[in-house]
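Each chain gets a letter, A, B and so on, in the order the sequences are listed, and its residues count up from 1. Everything numeric in this text was worked out from a predicted model, so none of it was measured.
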2 protein chains.
Amino acid sequence: MAPKRATITSIAKHLNLDVSTVSRVLNGLAKKYRISEKTVKLVTNTANELNYTPNKIAKSLRLKKTFTIGLIVPDISNPWFAEIALRIEKESRKVGYNVFLCNSSDDINIEKESMNLLAEWKVDGVIMVPIGLEYDHLLDFYNNHIPLVLIDRFFENVEIPYVSTNDYSGAFDAIEHLIDNGHKNIACIQGVVGTSSNTQRVEGYENALKKHNIPLDENFILGDDFNFENGYAQTKQIIKNLNKTNITAIFSTSNQITLGALKAMKEENINIPDDISIISFDEHNYSDLLYIPISTVTHFDDNLGKKAIELLFNQIDNKTSTQENILLPTHLTKRESVKNRLAKVTK
Amino acid sequence: MAPKRATITSIAKHLNLDVSTVSRVLNGLAKKYRISEKTVKLVTNTANELNYTPNKIAKSLRLKKTFTIGLIVPDISNPWFAEIALRIEKESRKVGYNVFLCNSSDDINIEKESMNLLAEWKVDGVIMVPIGLEYDHLLDFYNNHIPLVLIDRFFENVEIPYVSTNDYSGAFDAIEHLIDNGHKNIACIQGVVGTSSNTQRVEGYENALKKHNIPLDENFILGDDFNFENGYAQTKQIIKNLNKTNITAIFSTSNQITLGALKAMKEENINIPDDISIISFDEHNYSDLLYIPISTVTHFDDNLGKKAIELLFNQIDNKTSTQENILLPTHLTKRESVKNRLAKVTK
DNA sequence: GTGAAAGCGCTAACAG
DNA sequence: CTGTTAGCGCTTTCAC
């Protein structure tokens with residue numbers, strides 16, 4: 001906090017006016033209160049001279065409104081969450097809001113602590129990517145009338161508004177694409193079990209198999225984290241058991257898993273897509289620059305941030321409390337990481 | 001802001017105590033003021049029952065200290081800045097500070113606006129990656145006693161503390177590696193002209209050439225942005241003029257430039273490293289998974305965030321005002337994107 | 001057209 | 001051991 005900056009009071013004293021007058025002028029209420037041109041000029045000029053900086057802390061206390069929102073993400077260094085943060089910050093700025101950033105590090109205690117902190121800061125609302133395994137604390141907040149919107153991960157059958165992407169159909173499409181290309185033994189490297197993103201993606205995987213009458217082998221669903229290490233480890237495992245399982249394709253539920261998988265396959269001299277095909281959730285600007293251009297499920301939508309802010313302000317402004325959940329569409333981008341096994345046969 | 005939550009006053013009334021007593025108990029000053037066990041229990045219990053949430057806004061106003069810091073970055077969706085944000089958030093949390101996130105979008109007006117905002121919020125200090133072309137507004141703040149630390153980009157000969165990496169020697173090493181492998185016609189795709197990162201990297205490039213008596217061709221220094229598009233466009237240009245310039249290697253000053261360059265070379269069927277070698281600033285977990293494993297200058301250091309926070313708190317706590325600037329070391333990671341042209345000759 | 005005064009929730013100096 | 005009081009900087013109702 002900077003030392004002895006000019007305040008509304010110091011300006012008032014300086015000019016032998018009342019603080020209320022100064023306040024009105026500085027808030028652009030001059031004509032509403034019919035304050036004389038002269039005073040207005042005087043006030044604005046000295047405010048500039050004295051390098052006056054309004055004190056939002058004081059204002060917030062008085063107004064019982066802070067014009068801030070809280071943003072909690074599991075890991076801001078994950079490009080996907082950073083992308084979300086960018087959108088939220090920009091949209092907030094547009095409506096004159098500032099954002100408090102909290103990184104939960106995928107630790108439920110930090111998530112809870114962060115929510116408390118944000119409550120203590122009296123933020124007007126919070127947008128968060130929850131860790132996604134527990135929601136009682138979120139419900140507490142929501143029911144305590146702290147406007148809340150979940151983004152990316154959410155909870156089914158829990159009354160907290162969210163905006164996310166249609167993970168289910170994205171996964172379904174990906175698997176169907178694999179099946180269309182003659183794959184039957186498809187492994188699925190999953191992320192954090194219990195999160196909506198994972199559940200939906202795995203369900204998409206399972207139902208696509210079902211639709212095409214391919215029996216589900218539970219052992220083909222591997223792993224428990226969206227990170228690089230999990231992708232690497234599970235892929236090593238898959239390669240090891242290749243002659244037992246006859247797996248011909250991997251469905252990766254995240255970009256980081258894919259990177260880990262690529263590393264493992266490279267080390268083991270597995271050829272993509274000839275030995276193993278791979279299709280991955282998450283698109284990046286390097287997706288087609290990897291050693292094999294990866295077919296992906298793209299699910300970024302410019303509306304993600306906008307919609308989240310929209311839902312949040314609906315709550316803040318006490319508008320339609322009609323719970324509105326939003327699921328944005330996905331898109332399949334086909335590249336070279338999926339082999340057409342049917343073509344081979346026909347030829 | 002949530003409606004009518006319990007306050008220190010409401011608790012006091014409820015218990016027929018004075019607010020000061022409640023305040024003391026809730027701030028853990030019970031024994032210092034020798035408050036009876038009974039009252040302590042009473043207070044803490046009812047605080048819990050009433051779901052009391054301390055109001056940091058009020059506290060800040062009273063204390064003239066907010067326990068918040070501001071963080072401004074040009075683009076939070078850039079993995080490098082996100083990495084920085086992560087470090088800053090974590091370190092801040094450790095010392096009980098919260099962070100306001102601002103994204104300047106590489107727009108100097110937004111940067112200025114953000115600094116004003118942060119000043120209005122009376123943050124205790126700000127850490128920022130400045131856009132890097134202007135610094136008068138930063139100096140204003142710094143001289144106005146708002147603790148400030150620059151990170152990544154900085155200004156030489158300007159008295160604002162910074163922590164960054166040794167871009168100069170990183171570039172120098174990279175170019176020397178190229179030269180050692182027999183390259184003489186080396187293009188440099190630069191980033192934003194005028195930023196310290198760029199200036200240092202280009203100087204490293206120039207001086208390495210000089211040291212090895214390779215004449216500098218100004219036309220070999222191309223571009224003006226750290227982004228993908230610049231990398232793509234300049235590389236297209238380089239390829240077009242290849243038979244005039246006989247360029248055999250590209251020094252890319254950023255990861256995004258490299259990605260753009262890779263895309264261009266792929267499109268034009270340029271073989272890396274046989275036709276053109278490339279060495280790049282910035283290391284990522286996909287650097288060796290690209291279609292050609294890229295030799296890079298790694299410059300992330302876990303200390304970056306810690307040091308920045310340290311410098312900031314030195315200012316906040318009015319400790320050693322001795323301007324301390326920190327330049328973290330870089331490291332060269334050799335992979336397969338640089339061809340040894342000497343070996344070819346000898347064989 | 002401008003001023004007086006109360007109060008947002010909290011802390012801390014002073015008093016007892 | 002606990003209470004009284006002033007005040008952080010601001011907005012806003014009411015008064016003149």
Here the distance between atom C1' of D:dC8 and atom NZ of A:Lys59, to the nearest Å, is 17 Å

Could you tell me whether the phosphate oxygens of C:dG9, OP1 or OP2, come under 4.0 Å of any side-chain nitrogen or oxygen in A:Lys64? yes

Quick one: does B:Ile151's side chain get under 4.5 Å of B:Ser164's, heavy atoms only? no

OP1 or OP2 of C:dA12 under 4.0 Å from side-chain N/O of B:Ser23: no

Decide whether a cation-pi geometry holds between B:Lys65 and B:Phe67; the criteria are a distance under 6.0 Å from NZ or CZ to the six-membered ring centre and an angle within 45° of the ring axis. yes

When only distance counts, do a donor and an acceptor, one from the side chain of B:Arg24 and one from the base of D:dG3, lie under 3.5 Å apart? yes

Taking only the side-chain heavy atoms of B:Ile8 (C-beta and beyond), determine which of D:dC10, C:dT2, C:dC10 contains the nearest atom. C:dC10

Output the single nucleotide from D:dT12, D:dT5, D:dT2 whose closest atom is nearest the side chain of B:Thr21. D:dT2

Would you say B:Ile57 and A:Trp121 make side-chain contact, with heavy atoms under 4.5 Å? yes

Rounded interatomic separation in angstrom, taking CG from A:Leu17 and P from C:dA4: 11 Å

Which nucleotide in D:dG3, D:dC8, D:dC10 has an atom nearest any side-chain atom of A:Asn55: D:dC10

Using whole Å, report how far NZ of A:Lys65 lies from P of D:dT12. 13 Å

Residue closer to the 5' end of DNA chain C, A:Val19 versus A:Arg34 (nearest nucleotide): A:Arg34

In whole Å, I'd like the distance from the OH atom of A:Tyr52 to the P atom of D:dG9. 10 Å

A:Ser36, nearest nucleotide to its side chain (from C:dG3, C:dT2, D:dG9): C:dT2

For B:Asn27 and C:dC10, what is the distance between atoms CG and C1' respectively, to the nearest whole Å? 9 Å

Do B:Phe154 and B:Tyr135 have ring centroids that are under 6.0 Å from one another? no

Using whole Å, what does the distance between atom P of nucleotide D:dG9 and atom NZ of A:Lys56 come to? 17 Å

Can you tell me the distance, in whole Å, between the CG atom of A:Leu15 and the C1' atom of C:dT2? 14 Å

Can you tell me which nucleotide in C:dA12, D:dC8, C:dC10 comes closest to the side chain of B:Leu61? D:dC8

From CG of A:Leu63 across to C1' of C:dA6 the rounded distance in Å is 15 Å

So what does A:Ser20 hit on the nucleic acid, given a heavy-atom distance under 4.0 Å: a base, only sugar-phosphate, or nothing? base

Could you tell me whether the side chains of A:Ser105 and A:Asp107 share a donor-acceptor contact shorter than 3.5 Å? no

